[in-house]
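Here's the structure, in structure tokens; my notes come after.
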Amino acid sequence: MTVVNGRIKQSVAHWCFNASSESWSIEKTCQVAKELCCPAVELVDQQEWPVVKRHGLICAMTLIGMPGDPFVKGYNNPRYHSELIARSKLTIEACHEAGFPNILAFTGYKWRDAEDPTSGEISREEGADNCVAGLKAIVPYAEQRGINICMEQLNTRDDSHPMKGHPGYQGDDLDYVASIIRRVGSPRMKMLFDVFHVQIMHGDILRRLDENQDILGHVHVAGVPGRGELNNSQEINYPAVMHKLLELNYQGYVAQEFIPTGKPLEGLQEAVTLCDV
């Protein structure tokens with residue numbers, strides 16, 4: 001099973017398959033993506049980009065290299081702005097040179113010390129203002145180099161696994177994240193619409209895609225609940241989601257970012273075929 005229609009540009013998130021029972025190397029992830037006719041992989045360390053390029057693939061989304069979990073220290077907290085901006089500039093430059101389109105941004109956790117829940121909370125209003133200020137400082141650099149900065153909403157409801165939900169993350173509301181992106185007001189400031197996280201916090205996926213079509217920059221998919229395969233054990237109608245993206249003339253990538261519970265290749269083949277509408 002491989003991509004036949006190709007109207008949806010699909011990407012494979014390397015970390016999910018590296019974390020699977022088979023612990024795929026970047027070589028294996030790229031080889032499988034190529035075999036399935038997916039044009040991209042993503043969330044790949046920059047030192048591994050030569051492997052991506054050797055396979056003729058794109059790295060569709062790039063982290064900026066913040067230490068620790070990348071979604072913890074974000075733009076909602078001014079104490080992290082200098083490091084975020086410095087790392088973002090370096091990553092934007094690297095993406096520009098490599099021909100890769102997107103870097104990722106997060107609001108961060110709501111604690112004043114992002115790693116210490118006892119340090120007090122940043123209010124949502126203050127957090128949004130801080131995000132706008134920090135992003136406005138870096139977005140001109142992205143504009144000059146033709147790179148998108150994509151901010152992601154994450155769910156705070158699932159506390160069963162550190163990569164299935166993120167209690168404490170400030171940007172758990174899609175409208176909140178969208179308002180930050182629109183306040184930054186740049187064609188290079190976009191939304192990473194993660195269908196898994198949006199479904200858990202809100203549902204109403206198709207309407208929310210409609211409402212945010214002007215700022216859609218990237219899409220992630222996984223099964224709900226559990227962040228597993230896109231099969232009949234989960235609740236999202238992914239062909240309908242893909243048809244909505246086509247209706248909106250979405251030109252970005254759709255990344256398979258599920259955590260395999262069975263044989264990784266079989267799950268990925270099924271998911272890629274399902275999204276190839």
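Heavy-atom basis, side chains included; hydrogens, waters and symmetry copies ignored.
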**Request:** Using the ring pair (Phe, Tyr, Trp, His ring centres under 6.0 Å) rule, take His197 and His166 through it: C-alpha gap first, then chi angles, then the decisive distance, then the call.
**Result:** CA-CA 10 Å; His197 290 299; His166 309 283; 5.7 Å; yes
**Request:** Begin with the C-alpha distance, continue with both residues' side-chain angles, and end with the deciding distance and a verdict on side-chain contact (heavy atoms from CB on, under 4.5 Å) for Asn102 and Glu42.
**Result:** CA-CA 10 Å; Asn102 303 307; Glu42 63 182 70; over 6 Å; no
**Request:** Starting from the C-alpha separation in whole Å, work towards a yes-or-no answer on side chain to side chain donor-acceptor pair (under 3.5 Å) for Asp113 and Ser119.
**Result:** CA-CA 6 Å; Asp113 175 344; Ser119 60; 5.5 Å; no
**Item:** Chi angles and distances behind the side-chain contact (heavy atoms from CB on, under 4.5 Å) call for Ile149, Tyr75
**Value:** CA-CA 12 Å; Ile149 301 172; Tyr75 282 97; 5.8 Å; no
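Note that the CD atom of Gln213 and the CG atom of Leu245 stand 10.5 Å from one another [nearest 0.5 Å]. Here the CD1-CD1 distance, from Ile138 to Ile147, works out to 11.5 Å after rounding to the nearest 0.5 Å. Of the inter-residue distances, the one linking Phe17 atom CZ with Ile259 atom CD1 reads 10.0 Å to the nearest 0.5 angstrom.
Here the side chain of Asp194 pairs a donor or acceptor atom with the backbone of Phe196 at under 3.5 angstrom. Ser23 contributes no side-chain N or O that, together with a main-chain N or O of Ala19, makes up a donor-acceptor pair within less than 3.5 Å. A donor-acceptor pair under 3.5 Å links the side-chain atoms of Gln153 to the main chain of Asp172, judged by distance alone. Side-chain atoms of Lys34 come within 3.5 Å of backbone atoms of His55 as a donor-acceptor pair (strictly under, hydrogens ignored). A side-chain donor-acceptor contact under 3.5 Å links Tyr176 to the backbone of Arg124. Between the Glu48 side chain and the Ile26 main chain, no donor and acceptor come within less than 3.5 Å of each other. Side-chain atoms of Glu152 never come within 3.5 Å of backbone atoms of Leu154 as a donor-acceptor pair (strictly under, hydrogens ignored). In this structure, His202 contributes its side chain and Leu174 its backbone to a donor-acceptor pair below 3.5 Å. Here the side chain of Arg227 pairs a donor or acceptor atom with the backbone of Glu257 at under 3.5 angstrom. With hydrogens and angles disregarded, no donor-acceptor distance shorter than 3.5 Å links the side chain of Tyr253 to the backbone of Val12.
Around the CZ atom of Arg79, the shell of radius 6.0 Å holds more than 12 heavy atoms that belong to other residues, nucleotides or ligands. By the 6.0 Å contact criterion, CZ on Arg145 is enclosed, its count of non-hydrogen atoms from other residues, nucleotides or ligands being greater than 12. In Asn5, the CG atom is crowded: over 12 heavy atoms of neighbouring residues, nucleotides or ligands sit closer than 6.0 Å.
Side-chain contact between Val241 and Leu206: present, with at least one pair of heavy atoms (C-beta onward) separated by less than 4.5 Å. At a threshold of 4.5 Å between non-hydrogen side-chain atoms, the residues Ile215 and Met189 do not count as touching. Counting heavy atoms from C-beta on, the side chains of Gln10 and Gln256 come closer than 4.5 Å. Contact check for Ile103 versus Ser88: side-chain heavy atoms found under the 4.5 Å cut-off.
Annotation: salt bridge (Lys or Arg N to Asp or Glu O under 4.0 Å) contacts of Arg87 (sequence neighbours excluded): Glu83. With sequence neighbours excluded, the residues that form a salt bridge (Lys or Arg N to Asp or Glu O under 4.0 Å) with Glu115 are Lys73.
Checked by atom type, the side-chain pair Gln31/Glu35 shows a donor-acceptor distance below 3.5 Å.
Note on Glu143 versus Arg188: no salt bridge recorded, every NZ/NE/NH1/NH2 to OD/OE distance being 4.0 Å or above.
Summarising the geometry of Ile85 relative to Ala137, their closest heavy-atom pair is CD1-CB, 3.7 Å, with the distance given to 0.1 Å. Across all their heavy atoms, Ala60 and Ser11 have their closest contact at CB-OG, 3.9 Å.
Note on ring orientation: taking the six-membered ring where Trp is involved, the planes of Phe106 and Tyr169 are perpendicular (angle over 60°, cut-offs 30° and 60°).
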